[in-house]
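Note sheet for the following structure.
Just so you know, these numbers come straight off a predicted model, no measurement behind them.
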Amino acid sequence: MFTAIGSGMSKNRPFRDKLRFALAGWRHAWRSEVNFRRQVWIGGAAVLVVIAVRAPLVWLALTVLCIGMVWALELANTAVEELVDLVSPERRVVAGKIKDLMAGAVLFAALASLVVGVCALWVALG
């Protein structure tokens, strides 16, 4: 079950509660978004490859940072898509543009991450 935080209710909550809400968001994205699951598997595989080729630690750190950026943007994309669907249940051009912009941001981050991964392999194998 997805846990919603009421308006103004989260400001003074204990960290444990905030962590529980964040994990509920991750679970929701995992269950509802095929792309999020795909990106988690690809990201995990990328980290394992960078470790396996013994790339320098800085390249491993950059790879993890890029993967985290992609995952965070995918979570934001999911949130924006759901918000757009809530406020605009009927099909509107501007709603589609908003969703396209978020998808473009995820794609841009994924492509940048791919470049970092290729550079990590180049350094490790070259």
With clusters defined by side-chain heavy atoms of hydrophobic residues (ILVMFWY) lying less than 4.5 Å apart, directly or transitively, does [Y] cluster with [X]?
X	Y	value
Trp30	Leu23	yes
Val40	Trp26	yes
Leu83	Val106	no

Say you draw a straight line from CG of Asn77 to CG of Leu101; how long is it, rounded to the nearest 0.5 Å?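 The CG atom of Asn77 sits 10.5 Å away from the CG atom of Leu101.
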
Just how far is it from atom CZ of Phe36 to atom CZ of Arg31, taken to the nearest 0.5 Å?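 Result: 12.5 Å between the selected atoms.
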
Using a side-chain heavy atom cutoff under 4.5 Å and only I, L, V, M, F, W and Y, what cluster partners does Val53 have?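 Via sub-4.5 Å side-chain contacts, Val53 links to Val49, Leu121, Leu125.
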
Starting from Val115 and following side-chain heavy-atom contacts under 4.5 Å between hydrophobic residues (I, L, V, M, F, W, Y), which residues can be reached?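 Answer for Val115: none, a lone residue.
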
If you look only at pairs with a residue in residues 95-111, which of them pass as a side chain to side chain donor-acceptor pair (under 3.5 Å), with sequence neighbours excluded?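 Sorted pair list: Asp85-Lys99.
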
For Arg38, side chain to side chain donor-acceptor pair (under 3.5 Å) partners two or more places apart: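 In terms of side chain to side chain donor-acceptor pair (under 3.5 Å), with neighbours along the sequence ignored, Arg38 is linked to Asn35.
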
Under the side chain to side chain donor-acceptor pair (under 3.5 Å) test, which residues partner Arg54, sequence neighbours left out?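 Result, side chain to side chain donor-acceptor pair (under 3.5 Å) vs Arg54: none returned.
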
Main-chain N/O of Gln39 paired to Trp71 side chain as donor or acceptor, under 3.5 Å: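 A pair under 3.5 Å: yes.
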
Donor-acceptor contact present, side-chain Ser113 to main-chain Cys66, <3.5 Å: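 Pair found, side chain donor or acceptor close to backbone of Cys66.
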
Is it true that, when you exclude Trp122 itself, more than 12 heavy atoms of the residues, nucleotides or ligands shown sit nearer than 6.0 Å to its CH2?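 Incorrect, the count does not exceed 12.
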
Does atom CZ of Arg37 have more than 12 heavy-atom neighbours, drawn from other residues, nucleotides or ligands, at distances under 6.0 Å?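 Result for CZ/Arg37: enclosed.
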
Can you list everything that forms a side-chain contact (heavy atoms from CB on, under 4.5 Å) with Ala72? Sequence neighbours excluded, please.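 side-chain contact (heavy atoms from CB on, under 4.5 Å) check on Ala72 returns nothing, list empty.
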
Side chain to side chain donor-acceptor pair (under 3.5 Å) between His28 and Glu33, intermediate numbers included: CA-CA 8 Å; His28 174 70; Glu33 295 295 324; over 6 Å; no

Name the residue from Val64, Thr63, Val70 that meets the side chain to side chain contact (heavy atoms under 4.5 Å, CB included) definition with Ile67.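 Passing option: Thr63.
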
